[in-house]
Student: 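Here it is: the structure, laid out below.
Here, residue 1 is the first one in the sequence, and each next residue gets the next number. Note that these values count all heavy atoms, side chains included, but never hydrogens, waters or copies made by symmetry.
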Amino acid sequence: SHNLPPSVPLAVTMGWLVGVIAGGLGYVGPIFLNYIITFITNPSPPHGQQNQEYIFASIWLVAYLLRILFDQQAQWNCF
């Protein structure tokens, strides 16, 4: 039987958890990009949709930065 320090299983578990979150955040970009491209290609967008697209672009940027953070944290915990 291997006797690992208590912090090793916790670090691996945290690495796995933030890795899963980073993987999930990877799917946010294409979803919001679809909304943004739909807005750009619409010749007459509804009133107020431009603000919504700015919000989508901002969320996309935040999700991308969080993905980088979580991905680096997962690699740091596991390797």
Student: Looking at N42 and P46, what are the two nearest heavy atoms and their distance?
Tutor: ND2-CD, 4.0 Å
Student: Indicate if F70 and I68 have the same hydrophobic cluster label, given that clusters are the connected sets of ILVMFWY residues with side-chain heavy-atom separations under 4.5 angstrom.
Tutor: no
Student: Any chain of hydrophobic side-chain contacts (each under 4.5 Å) joining Y35 to I59?
Tutor: yes
Student: Report, as yes or no, whether the 6.0 Å neighbourhood of atom CZ on F56 holds more than 12 heavy atoms from other residues, nucleotides or ligands.
Tutor: yes
Student: Using a 4.5 Å cut-off on heavy atoms from C-beta on, say whether the side chain of Q50 contacts that of F39.
Tutor: yes
Student: Report the hydrophobic cluster partners of Y54, with the cluster defined as I, L, V, M, F, W, Y residues connected by side-chain heavy atoms closer than 4.5 angstrom, directly or transitively.
Tutor: none
Student: Are L66 and W16 linked, directly or through other ILVMFWY residues, by side chains that come within less than 4.5 angstrom of each other?
Tutor: yes
Student: Specify the closest pair of heavy atoms between A74 and G15, including all atoms of both residues, with the distance to one decimal.
Tutor: CB-O, 3.3 Å
Student: Taking a hydrophobic cluster as the set of Ile, Leu, Val, Met, Phe, Trp and Tyr residues connected by side-chain heavy atoms closer than 4.5 Å, whether directly or through intermediates, do Y27 and L69 fall within one such cluster?
Tutor: no
Student: Determine whether L17 and T13 make a side-chain contact, defined as any pair of heavy atoms from C-beta on separated by less than 4.5 Å.
Tutor: no
Student: Among L65, I55, I31, I36, which residue satisfies the side chain to side chain contact (heavy atoms under 4.5 Å, CB included) criterion with W60?
Tutor: I36
Student: Would you say I37 and F32 are hydrophobically clustered, going by side-chain heavy atoms of ILVMFWY under 4.5 Å?
Tutor: yes
Student: Of the non-hydrogen atoms in D71 and A22, which two are nearest, and what is the gap between them?
Tutor: N-CB, 3.7 Å
